[in-house]
Visitor: 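This is the structure, below, for whatever I ask next.
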Amino acid sequence: MKSTARITAIGTYVPEKRLTNDDLERIVDTNDEWIVQRTGMRERRIADENEYSSTLAIKAIENLVAQYQKELNDVDCIVVSTTTPDYAFPSVASQVQDYFDIPQTGALDFNATCAGFTYGLHMANAFITSGLHQKVLVVTAETLSKVTDYTDRTTCVLFGDGAAAVLVEKDTENPSFIATHIGTNGKGGKHVYRTNLSTTMHGQPLSSSGKMVQNGREVYKWASRTIPLGISELLEQANLQKDDVNWFVPHSANLRMIESICERSDFSLDKTLTSVEYMGNTSSVSIPLALQIGINDGKLMNGDILLLYGFGGGLTHAGHIIKWDLTK
């Protein structure tokens, strides 16, 4: 089915507080050289004690409205990707509806972890192309610092906080979505998790601290194998060559992982947008943060062809080839 949905606006927000590699040296046994060498990260943004995912989400949406002068009162669906909602319920999406007083809209949170943004785009495209909705607000918001174990030197250096929002609207003449590929490897769920009601998986006990636990080596191996195959599937679907893509925008999990994926996919790092160096791993927020950095740096232009690819816990992954064409 040919898409009839277009991404028309973007907004982002990150907290003011910075957590640098030097700061982390005073928390755990690590140092700047070790962190940069293994992750490419130099700092990450951290939410204040009274800042939650809904707080960050609202500020990202306000940024979208300020940049693109968009009206929200006719948004008919709000979808929010988050692994760190303020509450089990009400949802962050419901809080967004309340804050902006959007009169007639559906509102839901969902969790596709670090693939959340690309899954959110998939949902918005499906909702609009099917004719069920006309204008969907896709939001990602994470306060990962609140669930990070700062005694674990292998994971606490990775994660940061932030939020982003894009508006997806019906447009039969100039749709954004060219190709989509999604997938899941649920057997790998044990490699990155955070416990909730259950503290076992496949009959095996889990760390029940409520903090994130990650087997970085296994996630790295899975992503390095899986994402290049997904990229090939997207290009074949779209009948495009790698040279037709202006920018590759993967989830900014770790710069070394991105380098490995680029090498295996034959994509140049010079044609790759990331947010990892100064934002850390912000889960589902990392791709839109990279897009906004690309705009700010004068790299990302209307008319560019982008290959977006999210991947993470679940293990889930989702990619799109899109035409970038925002309106002001």
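These values consider heavy atoms only, across backbone and side chains, with no hydrogens, waters or symmetry-generated copies.
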Visitor: Looking at side-chain heavy atoms only, is the closest gap between P175 and T4 below 4.5 Å?
Guide: no
Visitor: Nearest 0.5 Å please: distance from the CD1 atom of I322 over to the CG atom of L306.
Guide: 4.5 Å
Visitor: Going through the checks in order, is the side-chain hydrogen bond (donor to acceptor under 3.5 Å, both in side chains) test met by E142 and T84?
Guide: CA-CA 6 Å; E142 298 290 0; T84 54; 3.0 Å; yes
Visitor: What I'd like to find out is whether the side chain of N111 reaches to under 4.5 Å of the side chain of S81, using heavy atoms alone.
Guide: no
Visitor: Given E259 and L269, is the side chain to side chain contact (heavy atoms under 4.5 Å, CB included) satisfied, shown in steps?
Guide: CA-CA 7 Å; E259 288 170 347; L269 272 175; 3.6 Å; yes
Visitor: So does D297 have more than 12 non-hydrogen atoms from other groups sitting under 6.0 Å from CG?
Guide: yes
Visitor: How long is the span from the OG1 atom in T180 to the NE2 atom in H320, to the nearest 0.5 Å?
Guide: 4.5 Å
Visitor: Would you say R42's side chain and N21's backbone share a donor-acceptor pair under 3.5 angstrom?
Guide: no
Visitor: Are E62 and K59 ion-paired here, with the side-chain N under 4.0 Å from a carboxylate O?
Guide: no
Visitor: Quick one: NE2 on H317 to CD1 on I227, what's the gap to the nearest 0.5 Å?
Guide: 6.0 Å
Visitor: Could you walk me through whether W34 and T39 pass the side chain to side chain contact (heavy atoms under 4.5 Å, CB included) check?
Guide: CA-CA 8 Å; W34 188 91; T39 70; 5.7 Å; no
Visitor: Parallel, tilted or perpendicular for H251 and F311, by the 30°/60° rule?
Guide: perpendicular
Visitor: So, taking the atom named CG in D161 and the one named OG in S53, what distance separates them when rounded to the nearest 0.5 Å?
Guide: 8.0 Å
Visitor: Below 4.5 Å, heavy atoms only, C-beta onward: do W247 and L300 meet side chain to side chain?
Guide: yes
Visitor: Should the pair R217 and W222 be classed as cation-pi, given the thresholds of under 6.0 Å to the six-membered ring centre and 45° from the axis?
Guide: no
Visitor: Give a yes or no on whether I295 and M279 share a hydrophobic cluster (residues Ile, Leu, Val, Met, Phe, Trp, Tyr; joining criterion: side-chain heavy atoms under 4.5 Å apart).
Guide: no
Visitor: Minimum heavy-atom separation for Q95 to P90, with atom names?
Guide: NE2-O, 3.9 Å
Visitor: Hey, does the side chain of T105 reach the backbone of C77 with a donor-acceptor pair shorter than 3.5 angstrom?
Guide: yes
Visitor: Taking the side chain from R153 and the backbone from D29, do they hold a donor-acceptor pair closer than 3.5 Å?
Guide: yes
Visitor: Any ion pair linking K17 and E51 (charged N to carboxylate O, less than 4.0 Å)?
Guide: no
Visitor: With respect to E169, which candidate in K70, R6, Q134 satisfies the side chain to side chain donor-acceptor pair (under 3.5 Å) definition?
Guide: K70
Visitor: Within a radius of less than 6.0 Å around OH of Y87, do more than 12 heavy atoms belonging to other residues, nucleotides or ligands occur?
Guide: no
Visitor: Cation over ring, K146 on Y52, under 6.0 Å and within 45°?
Guide: yes
Visitor: Give, for atom NZ of K170 and atom OG of S3, the distance between the pair rounded to the nearest 0.5 Å.
Guide: 9.0 Å
Visitor: What class does the angle between the rings of F267 and F248 fall in, given that below 30° is parallel, 30 to 60° is tilted and above 60° is perpendicular?
Guide: parallel
Visitor: Tell me, do I182 and H122 make a side-chain contact under 4.5 Å, heavy atoms counted?
Guide: yes
Visitor: Please confirm whether the backbone N or O of Q37 pairs with a side-chain atom of R256, one donor and one acceptor, at under 3.5 Å?
Guide: yes
Visitor: Kindly say whether F127 contributes a backbone atom to a donor-acceptor pair with the side chain of S130 at under 3.5 angstrom?
Guide: yes
Visitor: Check T82 against D109 and note the closest heavy-atom contact, atom names and distance.
Guide: CG2-OD2, 4.0 Å
Visitor: Verify the cluster assignment for I261 and V245: are they in a single hydrophobic cluster under the rule of side-chain heavy atoms below 4.5 Å apart?
Guide: yes
Visitor: Could you go through T148 and S145, starting from their C-alpha distance and side-chain angles, then the distance that decides it, and tell me whether this counts as side-chain hydrogen bond (donor to acceptor under 3.5 Å, both in side chains)?
Guide: CA-CA 5 Å; T148 294; S145 64; over 6 Å; no
Visitor: Any link between V166 and L273 through a network of hydrophobic side chains (Ile, Leu, Val, Met, Phe, Trp, Tyr) touching at under 4.5 Å?
Guide: yes
Visitor: Hey, quick one: are I46 and L289 part of the same hydrophobic cluster, counting side-chain heavy atoms closer than 4.5 Å, chains of contacts allowed?
Guide: no
Visitor: Out of S286, C114, P288, S283, which one pairs with T140 under the side chain to side chain contact (heavy atoms under 4.5 Å, CB included) rule?
Guide: P288
Visitor: For the side chain of E277 and the backbone of G40, is there at least one donor-acceptor N/O pair under 3.5 Å apart?
Guide: no
Visitor: Might you point out which heavy atoms bring G319 and Y309 nearest each other, and give the distance in Å?
Guide: CA-CD1, 3.8 Å
Visitor: Do L240 and L234 land in one hydrophobic cluster if side-chain heavy atoms of ILVMFWY residues count as linked below 4.5 Å?
Guide: yes
Visitor: For H181, is there any backbone N or O sitting under 3.5 Å from a side-chain donor or acceptor partner on Q237?
Guide: no
Visitor: Could you report the tightest heavy-atom contact between N63 and Q292, atom names first, then the distance?
Guide: OD1-OE1, 4.4 Å
Visitor: Taking atom CG of L307 and atom CD1 of I178, what is their separation to the nearest 0.5 Å?
Guide: 10.0 Å
Visitor: Can you spot which of S260, C262, S265 makes a side chain to side chain contact (heavy atoms under 4.5 Å, CB included) with P228?
Guide: S265
Visitor: Distance only, no hydrogens: is a donor on one side chain within 3.5 Å (strictly under) of an acceptor on the other, for T151 and D149?
Guide: yes
Visitor: Go through T154 and D152 one step at a time and tell me if the side-chain hydrogen bond (donor to acceptor under 3.5 Å, both in side chains) criterion holds.
Guide: CA-CA 6 Å; T154 62; D152 180 357; 2.7 Å; yes
Visitor: Please step through side chain to side chain contact (heavy atoms under 4.5 Å, CB included) for the pair T83 and L144, ending with a clear verdict.
Guide: CA-CA 8 Å; T83 64; L144 297 177; 3.7 Å; yes
Visitor: Does W324 offer a backbone N or O that forms a donor-acceptor pair with the side chain of D304 under 3.5 Å?
Guide: no
Visitor: Would you check if I321 and F177 make a side-chain contact, meaning some heavy-atom pair closer than 4.5 Å?
Guide: no
Visitor: Do I78 and I102 touch side chain to side chain, with heavy atoms closer than 4.5 Å?
Guide: yes
Visitor: If you compare all heavy atoms of T113 against all heavy atoms of T316, which two are closest, and at what distance to 0.1 Å?
Guide: OG1-OG1, 3.6 Å
Visitor: Flag the pair L108 / F110 as yes when at least one side-chain heavy-atom distance between them is below 4.5 Å, and no otherwise.
Guide: yes
Visitor: What heavy-atom pair brings A115 and T118 nearest, and what distance separates the two atoms?
Guide: O-OG1, 3.0 Å
Visitor: I7 and side chain to side chain contact (heavy atoms under 4.5 Å, CB included): which partner among D325, L291, V168?
Guide: V168
Visitor: Check step by step if side chain to side chain contact (heavy atoms under 4.5 Å, CB included) holds for I293 and T274.
Guide: CA-CA 8 Å; I293 291 169; T274 71; over 6 Å; no
Visitor: Should I305 and D244 count as side-chain neighbours, where that means a heavy-atom distance under 4.5 Å?
Guide: no
